[in-house]
Amino acid sequence: MSLKIMHTGDLHLGMKFNQYPNISSELENARYQALENVVVEANQRGANLLVIAGDLFDRASIKNVKIKKAVEILNKFAGEAILILPGNHDYSDGVSSLWSQFKKEIKGRMLILDQEKAYLLNEFGLNAAVYPAPCDRKLSSQNKLGWIKNLDEKPDADYHLVLAHGALAGFSPDLNDDYFKMTETELLNLEMDLYLLGHSHLPYPKKESVSGHKIFNNGTPEPDGMDCSHHGTAWYVELNENKEVEAEQIKTGNYHFADLQAELNSLSELENLISDILASEAETKILRLQLKGELPREEFAEKDNEFARLRDKCFYVKIDQNDLTIRIDQDLIAEEFAENSFPYQLLKELEADHQAQHLAYKMLKEVQE
């Protein structure tokens with residue numbers, strides 16, 4: 001019998017989005033919807049295990065209503081068991097009430113893997129052993145694999161799974177060794193069948209389907225910022241009776257972020273740019289657009305109509321157009337200022353320095369008004 005696993009984590013339920021005040025509630029709710037999406041995808045594939053590799057919650061102190069909401073969603077999973085690992089945001093330190101409160105809300109099918117011990121899943125009809133590396137604080141220069149390395153022997157089981165939260169060296173940024181860093185070699189030396197990791201919000205490996213690979217990082221099922229360019233993912237992993245692995249990356253997100261920069265020199269270039277943006281899932285796009293360049297005056301006045309088209313179609317748009325200016329040429333100077341006047345002469349003198357010329361033009365127009 002093969003073991004079918006839906007691998008997720010880093011949902012950060014309860015995360016605040018204060019930098020997006022107009023859509024903060026939608027983004028907060030989207031994280032719960034992403035968990036729903038994961039459960040639906042797991043059920044459709046007949047998964048035996050739903051594995052959450054840390055940071056189910058955004059912090060170790062969270063309101064009970066949010067815990068109840070997460071449990072309600074998880075209870076919809078139709079498989080045999082749900083495994084939840086404390087991560088570095090929702091760590092288990094014996095002081096915070098998060099996991100003790102969570103345990104009061106759940107039934108036996110959910111396991112909080114907050115102890116450094118092998119968990120046997122026989123009571124759920126699965127001949128598997130799970131070796132967790134739970135976080136007990138937010139930052140640590142040492143990972144939590146030590147107890148697994150020191151095992152004298154493994155318990156008898158068909159499948160042996162490591163579940164850990166922390167930076168994977170060479171993949172997850174951790175310049176100061178703050179995030180429970182571990183290496184692939186270190187993991188593989190544990191001689192287990194599968195290693196399911198959480199922490200980085202990008203999926204690893206960077207492929208949509210994988211055969212024969214043993215180490216997976218879940219990514220986040222719902223993107224949470226401009227540095228997260230994917231659409232939200234989880235892994236569906238099958239481990240067959242010969243310990244061979246087949247895995248598929250599953251799309252689970254509701255919204256996606258796009259951070260774009262462009263230089264424009266005509267209205268048609270702006271029109272083409274916006275058409276390209278709108279051609280790709282605009283209704284769920286959270287867009288930050290930074291523009292620079294120069295447009296002819298008659299076209300510059302039309303740009304706001306194009307921006308309105310963009311805002312009308314995208315879920316959220318923030319446009320930085322501070323470096324998008326009117327093209328100052330001889331015709332513009334002659335039309336707006338009398339020949340041989342001080343403004344005329346000044347702008348002519350600054351033709352070789354566009355930045356200074358634009359600054360002078362702006363100041364002169366403000367004086368006129």
Side-chain angles (χ1 to χ4, degrees), residues 2-10 48-55 81-88 91-92 111-122 124 126-137 139-172 174 177-200 202-207 210-219 235-247:
S2 64
L3 187 62
K4 300 177 181 180
I5 304 167
M6 185 62 76
H7 172 212
T8 187
D10 293 282
N48 308 114
L49 282 177
L50 173 56
V51 171
I52 300 175
D55 290 353
I82 300 169
L83 309 180
I84 303 173
L85 183 76
N88 73 305
Y91 54 84
S92 176
L111 289 179
I112 311 303
L113 308 184
D114 55 356
Q115 303 296 314
E116 293 183 344
K117 67 175 187 179
Y119 288 78
L120 296 175
L121 305 183
N122 303 77
F124 307 111
L126 302 172
N127 194 1
V130 182
Y131 307 80
C135 296
D136 58 357
R137 65 198 69 186
L139 303 175
S140 175
S141 60
Q142 299 292 323
N143 63 50
K144 305 297 287 184
L145 299 173
W147 78 270
I148 308 174
K149 296 176 185 177
N150 295 327
L151 276 176
D152 293 328
E153 60 179 349
K154 302 173 190 172
D156 184 37
D158 290 340
Y159 302 106
H160 298 270
L161 317 177
V162 170
L163 186 54
H165 190 90
L168 181 62
F171 172 68
S172 306
D174 188 10
D177 292 342
D178 287 332
Y179 295 106
F180 302 87
K181 184 181 288 185
M182 61 197 84
T183 68
E184 287 205 23
T185 299
E186 186 178 17
L187 289 164
L188 294 173
N189 283 342
L190 298 176
E191 297 183 344
M192 303 292 184
D193 300 318
L194 195 62
Y195 308 85
L196 303 177
L197 311 181
H199 177 65
S200 174
L202 297 174
Y204 178 83
K206 298 178 180 178
K207 297 178 181 179
V210 184
S211 297
H213 199 83
K214 287 190 173 186
I215 300 174
F216 295 87
N217 186 82
N218 52 242
W235 282 105
Y236 173 67
V237 183
E238 285 196 23
L239 186 62
N240 70 20
E241 56 270 19
N242 297 319
K243 312 298 180 69
E244 298 166 335
V245 177
E246 296 287 337

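Keep in mind the model is a prediction, meaning the values are calculated, not measured. Residue numbers run from 1 in the order of the sequence given.
- What you find for Thr183 and Ala169 is that their closest heavy atoms are CG2-CB, 3.9 Å.
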#### Entry: Full working for side chain to side chain contact (heavy atoms under 4.5 Å, CB included) between Leu126 and Asn122
CA-CA 5 Å; Leu126 302 172; Asn122 303 77; over 6 Å; no
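- Remark: Asp114 pairs with Lys103 by the side-chain hydrogen bond (donor to acceptor under 3.5 Å, both in side chains) rule, at least two apart or across chains.
- For the pair Lys117 and Tyr119, the cation-pi test (distance below 6.0 Å, angle within 45°) is passed.
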### Task
Test side chain to side chain contact (heavy atoms under 4.5 Å, CB included) on Thr8 and Val51 and set out the steps.
CA-CA 6 Å; Thr8 187; Val51 171; over 6 Å; no
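- Panel note: side chain Asn217, backbone Ser200; a donor-acceptor pair is recorded below 3.5 Å.
- Nearest approach of Phe171 to Leu202, heavy atoms of both residues: CZ-O, 3.3 Å.
- One distance of note links CG of Leu196 with CG of Leu83; it measures 9.0 Å at 0.5 Å rounding.
- For the pair Glu241 and Asp158, the minimum side-chain heavy-atom distance is 4.5 Å or more.
- Glu184 is listed as a side-chain neighbour of Leu168, based on a closest heavy-atom distance under 4.5 Å.
- Taking the side-chain hydrogen bond (donor to acceptor under 3.5 Å, both in side chains) definition, one finds that Glu238 meets it with Tyr236, sequence neighbours left out.
- Leu111 approaches Leu121 most closely through the heavy-atom pair CD1-CD2, 3.9 Å.
- Shown here are the salt bridge (Lys or Arg N to Asp or Glu O under 4.0 Å) partners of Lys243, two or more places apart in sequence or in another chain: Asp193.
- Contact of the Leu239 side chain with the Leu161 side chain is registered, since non-hydrogen atoms from C-beta on lie closer than 4.5 Å.
- Side-chain contact between Phe180 and Lys144 is present, with at least one heavy-atom pair separated by less than 4.5 Å.
- Here the closest heavy-atom approach between residue Leu163 and residue Ala53 is recorded as CD1-CB, 3.7 Å.
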### Message
Assess the residue pair Glu116 and Ile148 against the criterion (side chain to side chain contact (heavy atoms under 4.5 Å, CB included)); give the C-alpha distance rounded to whole Å, side-chain angles, the decisive distance to 0.1 Å, and a yes or no.
### Response
CA-CA 8 Å; Glu116 293 183 344; Ile148 308 174; over 6 Å; no
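- Between the CG atom in Asn143 and the SG atom in Cys135 there is a gap of 9.5 Å [rounded to 0.5 Å].
- When all heavy atoms of Trp235 and Ala247 are compared, the pair lying nearest together is CE3-CB, 3.9 Å.
- In this structure, Leu49 and Lys4 have side chains that are not in contact, with every pair of non-hydrogen atoms separated by 4.5 Å or more.
- Counting heavy atoms from C-beta outward, Leu194 and Ile215 have side chains that stay 4.5 Å or more apart.
- Not a single donor-acceptor pair under 3.5 Å links the side chain of Asp136 to the backbone N or O of Ser92.
- With sequence neighbours excluded, the residues that form a side-chain hydrogen bond (donor to acceptor under 3.5 Å, both in side chains) with Glu244 are Asn240.
- Taking the side chain as every heavy atom from C-beta outward, Ile84 and Leu113 never approach each other to under 4.5 Å.
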Ignoring hydrogens and angles, write down the donor-acceptor pairs under 3.5 Å from the side chains of residues 149-156, residues two or more places apart or on other chains.
| from | atom 1 | to | atom 2 | distance (Å) |
| --- | --- | --- | --- | --- |
| Lys149 | NZ | Glu186 | OE2 | 2.5 |
| Asn150 | ND2 | Gly146 | O | 3.2 |
| Lys154 | NZ | Glu191 | O | 2.4 |

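- Applying the ring-ring contact (aromatic ring centres under 6.0 Å, His included) test to every pair with at least one member in residues 146-170, sequence neighbours left out, gives these pairs: Tyr131-His160, His165-His199.
- For Asp174 (side chain) and Tyr179 (main-chain N/O), a donor-acceptor pair under 3.5 Å exists by modelled atom type.
- Using a 4.5 Å cut-off on side-chain heavy atoms (C-beta onward), Leu120 and Asn127 make no contact.
- Ring centroid separation for the pair His213 and Tyr204 comes in under the 6.0 Å cut-off.
- Side-chain atoms of Asn218 never come within 3.5 Å of backbone atoms of Ile52 as a donor-acceptor pair (strictly under, hydrogens ignored).
- When all heavy atoms of Ala164 and Ala133 are compared, the closest pair comes out as CB-CB, 3.8 Å.
- To the nearest 0.5 Å, atom CZ of residue Arg137 and atom OH of residue Tyr91 are 10.0 Å apart.
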